[in-house]
Visitor: 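Pasting a structure here, questions to come.
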Amino acid sequence: MNAAIRAVVRTAVARSLRVIGFERGYAGILDNESRFLDARAVSGIVHLGGTFLKTARADEMKTPEGVSKATKVLKQNRVEGLVVIGGNGSMRAACQLHEASGIPIIGIPATIDNDLAGTDTTIGFDTAVNTGLEALDKIRDTATSHERVFVVEVMGRSRGFVALEVGIGAGAEVILVPEIKYDIGEVCQTLVANRRHGKRSAIIVMAEGAGDSTDVTRTIKEKTGFEVRLTRLGHVQRGGHPTAQSRLLACETGAASVEFLLDGKKKHMTGIQGGRIVPVDLEYASTVEKPIDERLYKLALSLAT
Ligand code: F6P
């Protein structure tokens, strides 16, 4: 997100626009806390994870009162265009805010969950997947040496995009995602059959939204008699230096958000489709369910024999 803020500020300044940054996202709008941002204010941050403006979950924005309070603050600050960097909830709130205020709003897709429609990927997703892979590669050493089964839970909220890509890259024997029903009995049978065929260890990558990983771990232990361990990667996946792909995406979408505002776009997200930045209706981005790539899921299964 830092790289995206930098791109927004520097593109806007180059176009002679004045930029202010609200602290803690919507929370800062509601509290009317902002700071003036010039080109120097965003120096030395392109390589840092997170956001120097900080962020917060602002549940008040889910209420009409919150939206009208935010509208008032934006008008008070004479905001003529707003750029919102975030995921599903941020984009939904942006739609409401645009409707209430009439202020043009451009969303920049940024979530490790990659769960926004109309964009192939989101800022942070590639970084989270690579962090997951690094952890999985390390866990694989213990799994192999101790001949164990590992259940590794990854983030992704209610979606399985992170689990799918981490699972494929790590060569996981099983991938459990919320979008595809699984039968834990069949998973156990697969593990037992694998062992009969000489596979002495296994890694199961499980999305946090695909069920209770503690239950899954216990059931596998009971049904197979194998030594099973559970690792939850948790918030490790949300930090660290962004990958090249995440930085590039942040730079491109950040710059595009300013151009979109100058072009007169009112309620759009800077999506990326097939390598090209495209305007995506904010409502569509935050309400339509992006399908998981079942072809990739099948590929993962066929390679995990
Ligand atoms: O939406 C991003 C995400 O990291 C999800 O993958 C995860 O479920 C959630 O946020 C964690 O949120 P919090 O840090 O508020 O617990």
Side-chain angles (χ1 to χ4, degrees), residues 1-2 4-13 15-38 41-42 50-111 113 115-119 122-123 157 250 253-271 278-288:
M1 286 186 279
N2 276 320
I5 298 170
R6 171 177 170 270
V8 170
V9 172
R10 293 203 171 155
T11 307
V13 168
R15 301 296 220 106
S16 308
L17 299 171
R18 183 184 147 84
V19 187
I20 58 170
F22 285 96
E23 313 285 336
R24 306 182 309 284
Y26 288 119
I29 299 183
L30 293 165
D31 295 340
N32 196 7
E33 270 185 60
S34 64
R35 64 173 104 169
F36 171 65
L37 296 175
D38 62 9
V42 291
T51 154
F52 79 101
L53 287 173
K54 305 209 166 53
T55 184
R57 305 240 182 253
D59 287 340
E60 215 182 323
M61 284 302 290
K62 290 183 187 149
T63 68
E65 294 75 25
V67 172
S68 90
K69 193 167 158 193
T71 298
K72 239 180 249 158
V73 174
L74 292 178
K75 299 245 154 137
Q76 226 173 303
N77 284 280
R78 289 184 285 133
V79 171
E80 291 173 278
L82 181 70
V83 175
V84 172
I85 307 171
N88 225 294
S90 308
M91 298 307 152
R92 263 199 299 266
C95 290
Q96 307 292 322
L97 193 51
H98 170 71
E99 230 138 78
S101 66
I103 295 170
I105 303 186
I106 303 298
I108 298 180
T111 164
D113 305 335
D115 59 350
L116 284 162
T119 187
T122 52
I123 298 170
R157 205 179 284 280
T253 51
S257 67
V258 176
E259 300 302 341
F260 279 13
L261 283 173
L262 291 171
D263 281 355
K265 299 206 167 36
K266 304 259 183 282
K267 198 181 69 140
H268 285 89
M269 184 183 82
T270 54
V278 292
V280 177
D281 181 71
L282 263 188
E283 196 95 38
Y284 176 87
S286 57
T287 53
V288 170

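Below, all heavy atoms of this structure are taken into account, side chains as well, without hydrogens, waters or symmetry copies. Numbers for residues simply follow the sequence, beginning at 1.
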Visitor: Supply the atom-to-atom distance T71 OG1 to Q96 CD, rounded to the nearest 0.5 angstrom.
Guide: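 Answer for the OG1-CD pair, T71 versus Q96, is 10.5 Å.
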Visitor: Can you name the nearest heavy-atom pair linking G21 to L53, along with the distance?
Guide: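 Looking at all heavy atoms of both residues, the shortest contact is CA-CD1, 4.1 Å.
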Visitor: Has the side chain of T122 got a donor or acceptor atom that lies under 3.5 Å from a matching backbone atom of T111?
Guide: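 Checked: pair present.
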Visitor: For the atom pair CD1 (I106) and OG1 (T253), what is the distance rounded to the nearest 0.5 Å?
Guide: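 Answer rounded to 0.5 Å: 12.0 Å.
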Visitor: Quick one: salt bridge (Lys or Arg N to Asp or Glu O under 4.0 Å) pairs with a partner in residues 74-100, sequence neighbours left out?
Guide: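 Salt bridge (Lys or Arg N to Asp or Glu O under 4.0 Å) check on residues 74-100 returns no pairs.
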Visitor: Got a second to check how far D281's CG is from S286's OG, nearest 0.5 Å?
Guide: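 These two atoms lie 8.0 Å from each other.
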Visitor: Can you tell if the side chain of F52 reaches within under 4.5 Å of the side chain of V42, non-hydrogen atoms only?
Guide: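 They are in side-chain contact.
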Visitor: Do you know which two heavy atoms are closest between A110 and M1, and how far apart they sit?
Guide: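 Scanning both residues completely, I find the closest heavy atoms to be CB-CG, 4.1 Å.
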Visitor: Looking at side-chain heavy atoms only, is the closest gap between V280 and T119 below 4.5 Å?
Guide: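 No, every pair of side-chain atoms sits at 4.5 Å or beyond.
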Visitor: Could you tell me the separation between the CG atom of L37 and the CZ atom of R10, rounded to the nearest 0.5 Å?
Guide: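 It comes to 11.0 Å.
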Visitor: Just to verify, what does N77 make a side chain to side chain donor-acceptor pair (under 3.5 Å) with, not counting sequence neighbours?
Guide: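 Once residues adjacent in sequence are excluded, the partners of N77 under the side chain to side chain donor-acceptor pair (under 3.5 Å) criterion are N32.
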Visitor: Not counting sequence neighbours, which residues clear side chain to side chain donor-acceptor pair (under 3.5 Å) with R35? List them please.
Guide: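 Partners of R35 by the side chain to side chain donor-acceptor pair (under 3.5 Å) criterion, ordered by chain and then number, come out as E23.
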Visitor: Look up atom CG in L82 and atom CG in L261, then write down how far apart they are to the nearest 0.5 Å.
Guide: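 Reported to 0.5 Å precision, the distance equals 8.5 Å.
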Visitor: With a 4.5 Å heavy-atom cut-off, do I108 and F260 have their side chains touching?
Guide: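 In short, these two side chains do not touch, never coming nearer than 4.5 Å.
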Visitor: Please report the closest heavy-atom contact between A27 and A56, naming both atoms and the distance.
Guide: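 Closest pair (atom of A27, atom of A56, distance): CB-CB, 4.0 Å.
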Visitor: Looking at V8 and S257, what are the two nearest heavy atoms and their distance?
Guide: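 So the minimum-distance heavy-atom pair works out to CG2-OG, 3.5 Å.
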Visitor: May I ask you to test the M269-L116 pair for a side-chain heavy-atom distance under 4.5 Å?
Guide: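 Result yes, sub-4.5 Å side-chain heavy-atom pair found.
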Visitor: Can you tell me which residue pairs pass the side-chain hydrogen bond (donor to acceptor under 3.5 Å, both in side chains) test with a partner in residues 261-271, sequence neighbours excluded?
Guide: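 Pairs touching residues 261-271 that pass the test: K267-E283.
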Visitor: For I20 and V79, work out which heavy atoms get closest and say how close.
Guide: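 Looking at all heavy atoms of both residues, the closest pair is CD1-CG2, 4.3 Å.
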Visitor: Hey, could you give me the CG/OG distance between L74 and S34, rounded to the nearest 0.5 Å?
Guide: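 The distance works out to 10.0 Å.
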Visitor: Taking C-beta and beyond as the side chain, do T51 and I85 meet within less than 4.5 Å on heavy atoms?
Guide: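 When only atoms from C-beta onward are counted, I85 and T51 do not touch, as no gap falls below 4.5 Å.
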Visitor: Mind checking what makes side-chain contact (heavy atoms from CB on, under 4.5 Å) contact with V13, not counting sequence neighbours?
Guide: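 For V13, the residues satisfying side-chain contact (heavy atoms from CB on, under 4.5 Å) (neighbours in sequence not counted) are V9.
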Visitor: Which heavy-atom pair separates V258 from A12 by the least distance, and what is that distance?
Guide: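 Nearest heavy atoms, V258 then A12: CG1-CA, 3.9 Å.
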Visitor: I'd like to check N88 versus M91 (side-chain heavy atoms, cut-off strictly below 4.5 Å). Are they in contact?
Guide: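 No - every pair of side-chain heavy atoms lies 4.5 Å or more apart.
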Visitor: Sort and list the pairs that fulfil side-chain hydrogen bond (donor to acceptor under 3.5 Å, both in side chains) and have at least one residue in residues 53-65, not counting sequence neighbours.
Guide: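 Output for this query lists D59-K62, E60-K69.
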Visitor: Should Y26 and V84 count as side-chain neighbours, where that means a heavy-atom distance under 4.5 Å?
Guide: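 They are in side-chain contact.
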Visitor: What I'd like to find out is whether the side chain of R24 reaches to under 4.5 Å of the side chain of D31, using heavy atoms alone.
Guide: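 Yes, at least one pair of side-chain atoms sits under 4.5 Å.
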